[in-house]
Amino acid sequence: MAQEIDGGVLGEEFAGYVMRITGGNDKQGFPMRQGILTNTRVRLLMHKGHKGYRQRRAGERKRKSIRGCIVGQDIAVLNLAIVKIGDATIAGLTDESVPRRLGPKRANKIRALFNLTKEDEVTKYVISRTFTSKKGKETRRAPKIQRLVTPLVLQRKRQRKAIKLASVLRNKEDAAAYKKVVAQRLAEQKEARRSLISKRRSTRRSQKVVESA
């Protein structure tokens, strides 16, 4: 897989073409997978996200058969992508250019595609399509532009900043109030201890006076 081959080995109509192997499957339908350096079928322990496996339960793993990335004699279907076009055109493949149906959605990518500046209005350059609905009405469909800076976006940004600043100020006030309460409690505890010590001393003095009398 991912190796480029000469298209002339497939026939004279593909002479001059350069093609890249993108995948394939064998007679039983097991697909080829990149990274498995063998031309036979192997059994791998797969989990969610692996090619050729769909989990049925959360966290499930299963051992499944899959074909290696090296082309063997029992490959039934081989998927190829054209890297370089040859001299002759192939009917239905290279004789006509298919327009791009979907354009970029991100604002900066639209600007890069049409060479726009930041002062230009991006919404006028978004690629849209017009089609006829089931009711026979002409409908225009365009994607929603992402990361477009509008007055509403700036307003929400200022609001988030104001909320964060208010939170910081509130936390400072709460910390100052907490320190004040802690200092007050410590002062009360010291005062209570002083009064207790003075009471004990006065009691001892009165006892000494009584004994001496």
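- Under 3.5 Å, the side chains of Q55 and R61 contain no donor-acceptor pair of N or O atoms.
- Interatomic distance, L165 CG to L169 CG, rounded to the nearest 0.5 Å: 4.5 Å.
- Distance CG/L44 to NZ/K62: 14.5 Å, rounded to 0.5 Å.
- In this structure, CD in Q73 is found 12.0 Å from CG in D26, a value given to the nearest 0.5 Å.
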Should F14 and M19 be marked as a side chain to side chain contact (heavy atoms under 4.5 Å, CB included) after you check the CA-CA gap, both sets of side-chain angles, and the distance that decides it?
CA-CA 10 Å; F14 297 101; M19 300 183 179; 3.4 Å; yes

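- For the pair I36 and R33, the minimum side-chain heavy-atom distance is below 4.5 Å.
- Under the 4.5 Å side-chain heavy-atom criterion for grouping Ile, Leu, Val, Met, Phe, Trp and Tyr, L10 is not connected to V18 through any hydrophobic cluster.
- Atom CZ of R200 and atom OG of S195 lie 10.0 Å apart (nearest 0.5 Å).
- Atom CD of E12 has 12 or fewer heavy atoms from other residues, nucleotides or ligands within 6.0 Å.
- A salt bridge links E191 and R194; the closest N-O separation between the charged side-chain nitrogens and carboxylate oxygens is under 4.0 Å.
- Two residues are said to be in side-chain contact when any heavy atoms from C-beta on lie closer than 4.5 Å; P143 and L102 fail this criterion.
- Taking the charged nitrogens against the carboxylate oxygens, R111 and D120 have no contact shorter than 4.0 Å, which rules out a salt bridge.
- Residues I127 and P104 are in side-chain contact: their nearest non-hydrogen atoms beyond the backbone lie under 4.5 Å apart.
- In plain terms, the two heavy atoms of D6 and Y17 that are nearest each other are OD1-O, 3.3 Å.
- Below 30°, between 30° and 60°, or above 60°: for H50 and H47 the angle between ring planes is between 30° and 60°, a tilted geometry.
- A donor-acceptor pair under 3.5 Å links the side-chain atoms of T203 to the main chain of K199, judged by distance alone.
- For D74, the salt bridge (charged side-chain N to carboxylate O under 4.0 Å, His left out) test picks out R67, with sequence neighbours left out.
- For the atom pair K180 NZ and R185 CZ, the distance stands at 13.0 Å (nearest 0.5 Å).
- Open room surrounds OH on Y178; 12 or fewer heavy atoms of other groups in view lie less than 6.0 Å from it.
- Counting all heavy atoms, side chain and backbone alike, G23 lies closest to L78 at O-CD1, 3.5 Å.
- Within a 6.0 Å sphere centred on CD of Q28, other residues, nucleotides and ligands contribute more than 12 heavy atoms.
- Under the 4.5 Å side-chain contact rule for hydrophobic residues, V9 and I21 share a cluster.
- Of all non-hydrogen atoms in A142 and S128, the two that sit nearest each other are CB-CB, 3.7 Å.
- Two residues are said to be in side-chain contact when any heavy atoms from C-beta on lie closer than 4.5 Å; L154 and T150 fail this criterion.
- Note on V122 and Y125: same hydrophobic cluster, where clusters join Ile, Leu, Val, Met, Phe, Trp and Tyr whose side-chain heavy atoms are under 4.5 Å apart, directly or indirectly.
- Side-chain atoms of E60 and Y53 include a donor-acceptor pair closer than 3.5 Å.
- No path of Ile, Leu, Val, Met, Phe, Trp and Tyr side chains, each step under 4.5 Å between heavy atoms, connects M1 with F30, placing them in separate hydrophobic clusters.
- Looking at T139, its side chain never comes within 3.5 Å of a backbone N or O of T132 through a donor-acceptor pair.
- The hydrophobic cluster containing I110 does not contain V149, counting ILVMFWY residues as joined when their side-chain heavy atoms lie under 4.5 angstrom apart, directly or transitively.
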Apply side chain to side chain contact (heavy atoms under 4.5 Å, CB included) to the pair N39 and I75, showing each step before the final yes or no.
CA-CA 9 Å; N39 60 352; I75 292 292; over 6 Å; no

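- Counted within 6.0 Å of CZ on R129, heavy atoms from surrounding residues, nucleotides or ligands total more than 12; the atom is thus considered enclosed.
- When every heavy atom of T22 is checked against every heavy atom of A81, the shortest pair comes out as CG2-CB, 3.8 Å.
- Not a single donor-acceptor pair under 3.5 Å links the side chain of D95 to the backbone N or O of A91.
- Using a 4.5 Å heavy-atom cutoff, the side chains of S65 and V42 are not in contact.
- Here R63 contributes atom CZ and M46 contributes atom CE; the two are 10.0 Å apart, rounded to the nearest 0.5 Å.
- Tested against M32 for a side-chain contact (heavy atoms from CB on, under 4.5 Å), the candidates V71, N25, I66 yield a single pass: V71.
- D87 CG: 12 or fewer foreign heavy atoms inside a 6.0 Å radius.
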Test side chain to side chain contact (heavy atoms under 4.5 Å, CB included) applied to R160 and R156, step by step:
CA-CA 6 Å; R160 287 196 301 270; R156 288 173 179 166; 4.1 Å; yes

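- Put simply, the side chain of I5 reaches to within 4.5 Å of the side chain of L80, judged on heavy atoms.
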Kindly determine whether T123 and I145 satisfy side chain to side chain contact (heavy atoms under 4.5 Å, CB included), including the steps that lead there.
CA-CA 8 Å; T123 54; I145 301 175; 3.7 Å; yes

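- No side-chain donor-acceptor contact under 3.5 Å links R140 and T130.
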